[in-house]
Structure formats: C-alpha cells, structure tokens
**Q** 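A single structure is presented below for examination.
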2 protein chains.
Amino acid sequence: MATDTKTSKAEDPAADLALEDFLPYRLNRLADLVSRSFSRIYRERHGMTRPEWRVLASLGQFGRATASDIVTHSSQHKTKVSRAVAALEKRGWLKRESDENDRRVEHLELTRAGRGIYAELAPFARSYEAAVFAEMGDADWQALERGLSRLEDCLIKRP
Amino acid sequence: MATDTKTSKAEDPAADLALEDFLPYRLNRLADLVSRSFSRIYRERHGMTRPEWRVLASLGQFGRATASDIVTHSSQHKTKVSRAVAALEKRGWLKRESDENDRRVEHLELTRAGRGIYAELAPFARSYEAAVFAEMGDADWQALERGLSRLEDCLIKRP
DNA sequence: AATTTTTTGTTGAAATTGCAACTGTTGAAT
DNA sequence: ATTCAACAGTTGCAATTTCAACAAAAAATT
C-alpha cells in the first residue's frame, strides 16, 4: 500500500477521506461480517436465505401477520417477502389464510413444522448476541446500543 | 428442556427474540438505510455502483494500489473489484500499469479525470457524515464510534 | 531443472436482487 | 353506479452478485 510517495495531501486536497472510517462503509462491512457469521446457522441447517429467515422470525415473533406487515417489520422489499413466503410455504413451514373481509389480504402463520424450525433457530440468535456481548463487555455493548438506537432515530426522520 | 407440551401460542416456545432488536438485523438495516441515502450521490451524478465507488475511494485515498490491496482495504470480493476496476477503466477514470518484476500484478491509479471525480465526491462523503453527526449530537456519535470500533475488533478475531 | 503449490486476476454461468409492470380487489369521487 | 385512484401481492426481466473454474505467473518443493 502506498503511503506517501508522490501523492500527498497537498497534491490531493480531497484526501482526508479514509474509507475505513467512513460510516456507510463501516456499517456495511460490519453488517456483512455479522450476517456472514450468523447466517451460517440457518443456511447450513436448513438452506434458508436471509429473507426467509426474516419472514420466519417475524412470524415467530408475531404469530400471525400479513405480507405487508412483514415488509414493514423486516425492512425488506415486497418482492423479497413475496418470494420468501412462497418458499417457506413450499416447505410446509408457513400457511396462508385469506381474509374474509378483504380478499386482497392473506394472513400468514407458521405451521407446526415452521414453529419447530423457529424454536430451533431462535436460541442460536440469542446465544449469538450473548457471545458478542460477552466478547465486547458491558460498557462497549451499551455504547453500541446507544449509538445504533440514536442513529436509527435520526435516519428514519431524514432519509 | 421444554417447559410444557401445550405449544399453544407463538409467543410461548422461543420468543423473546424481537427481530428489531437483533444485532445482525439492526446492522443490516442501518447499513441499507445509510447506503441508500449516500449512494444516491454517486449513483445519480455518475451512474456509479457501490463497488466502483469503493475502488475510486480507495485509489483516491492511496494514490496507487493493486487490485488485491483494494480487495483487502474495501472488503469486497475480488470479482467485484475486478469488474469495478474494468468499469472505471472503461470510463477513463483509472489506469493500469503492469509491475515490472511481477507480471501478475497491475498497479492501479486514478487518471486526472478520475481524481476529478473523486475530488468532487469526497466532500459529499464528509458532509454526509457531518450531517449525521450534527443530527445525532456529540455524545451519541461518540457512543456509536466506540461501539462500532469495539465490534470491529471483536468480529475480526472471531469470524 | 522439473514439478507442484500458491498467488493474482479474469470470466461464465447460476442464483439473487430490484424495478416496473401487472392482476385482482377495495375505497373514494364524481 | 361508474369511474378513478389506492392497495396487496405477484411476476417478468434486466442488472448485480456469487461461486467455481480458469489462465498466467511466481514461489516452493522435489
């Protein structure tokens, strides 16, 4: 890596931008690292994709929800949700029920098998977080929580 | 082991897992939000992709580097870097120079035009961060910095 | 020196994604 | 009541990403 050969900051006035310190890059990189490490669990055990995991987790959490609910709650594009729902249904982990009053809407629910998978995976999710927490230590974890929460608030208001 | 065999509601079995509080989900979501908002700048102004932006930023920062250097520095798969480099070269923003001693290696550098684009974009990157900082406030920003840094340290050790 | 292994970087093909267009349904406005 | 807009969800298609295989060159092994 070139340090200060011929291209110095004097010559290149735009260069106090270090990619490794840039917030969007850091967040993307961390999200990637964390995902890669956690997604192994549901991918290797059940060949699940991330969209599928999120739908499963949403339904595990809520019990019953529409695709739109899941779009909102899981922050995924509706096509992702649509395809993930179809995939989970195909495996018999999810069932649909048409709404009586509004025939556009389908209520989604995990089947018994689906709940089984969720019950299997959820503890891994918690223990994954517990491991990170243990590794980081309480103070740094709380700093992270605080920073992320505040950033979430800020970004929702001005996207 | 299991508490009881009823398996009635979805809240029963494993469900104090709230997706919205789960670290991998939060990081991915924030990374997405932040990226979406910042990437508009290079996407709309120059039709650039994120891999291309990262290569440009790496070269803007280092002046001269090999593709491998950029893979490491920008945390991107080598195929992404390879294609991003080809795209930037095609637009005349980047030039390659073969290494004399090792003919596998190519040293990459921005052209004058490429440096121009970088000089145009880098201030946006900084002002984007400044805006987030201003919105969050100093204390929360520092908490975020601390949390992210610590998490980076932890995740590199245990992937 | 000849072989094997590693490294650098590229490419083809399959899988994933995102956008826009679409169907079918409900609600609102005229 | 009829038209028009809005909404829930799906699908086709193009762009992107990923994976594995590849070529070429250098390093390591024999």
**Q** Using whole Å, what does the distance between atom P of nucleotide C:dT25 and atom CD of A:Glu100 come to?
**A** 15 Å
**Q** In whole Å, I'd like the distance from the CD1 atom of A:Ile70 to the P atom of D:dC7.
**A** 20 Å
**Q** Round to a whole Å and report the spacing from CD of A:Gln76 to C1' of C:dT16.
**A** 13 Å
**Q** Starting at atom CZ of A:Arg36, determine the distance to atom P of D:dC19, rounded to an integer number of angstrom.
**A** 7 Å
**Q** Indicate yes or no: at least one non-hydrogen side-chain atom of A:Phe38 is less than 4.5 angstrom from one of B:Tyr25.
**A** no
**Q** Which whole-number value in Å describes the distance from A:Arg50 CZ to C:dT17 P?
**A** 8 Å
**Q** Look at B:Lys78 and C:dT8 and indicate whether a side-chain polar atom (N or O) is within less than 4.0 Å of OP1 or OP2.
**A** no
**Q** Starting at atom CG of B:Asn101, determine the distance to atom C1' of C:dT8, rounded to an integer number of angstrom.
**A** 15 Å
**Q** Under the salt bridge (Lys or Arg N to Asp or Glu O under 4.0 Å) criterion, do B:Arg26 and B:Asp21 qualify, and how do the steps go?
**A** CA-CA 7 Å; B:Arg26 294 176 79 186; B:Asp21 297 334; 5.5 Å; no
**Q** With a 4.0 Å cut-off on heavy atoms, is A:Thr79 in touch with a base, just the backbone sugar-phosphate, or nothing at all?
**A** base
**Q** Can you identify which nucleotide, out of C:dG18, D:dT10, D:dA8, has its nearest atom closest to the A:Ser82 side chain?
**A** D:dT10
**Q** Going through the distances and angles, do A:His73 and A:Gln61 end up as a side chain to side chain contact (heavy atoms under 4.5 Å, CB included)?
**A** CA-CA 11 Å; A:His73 181 248; A:Gln61 182 177 348; 3.1 Å; yes
**Q** Mind checking whether B:Trp53 and B:Tyr42 have parallel, tilted or perpendicular rings, split at 30° and 60°?
**A** parallel
**Q** Check every strand shown and say whether A:Asp99 touches a base, only sugar-phosphate, or nothing at a heavy-atom separation below 4.0 Å.
**A** nothing
**Q** Specify the separation, in whole Å, of atom CG of B:Asp69 and atom C1' of C:dT7.
**A** 13 Å
**Q** Between the base of C:dT10 and the side chain of B:Arg104, is there a donor-acceptor distance below 3.5 Å?
**A** no
**Q** DNA chain D: B:Thr49 or B:Asp102, which has the more 5' nearest nucleotide?
**A** B:Thr49
**Q** Return the value, rounded to whole Å, for the distance between atom CZ of B:Arg103 and atom P of C:dG9.
**A** 15 Å
**Q** Run A:Arg150 and B:Leu144 through side chain to side chain contact (heavy atoms under 4.5 Å, CB included) and show every step you take.
**A** CA-CA 9 Å; A:Arg150 187 82 176 91; B:Leu144 182 64; over 6 Å; no
**Q** Of all the choices, C:dC19, C:dG9, C:dT6, which nucleotide is nearest to the side chain of A:His77 once you look at every atom?
**A** C:dC19
**Q** Can you find a donor-acceptor pair, distance only, under 3.5 Å between B:Arg83 side chain and C:dG12 base?
**A** yes
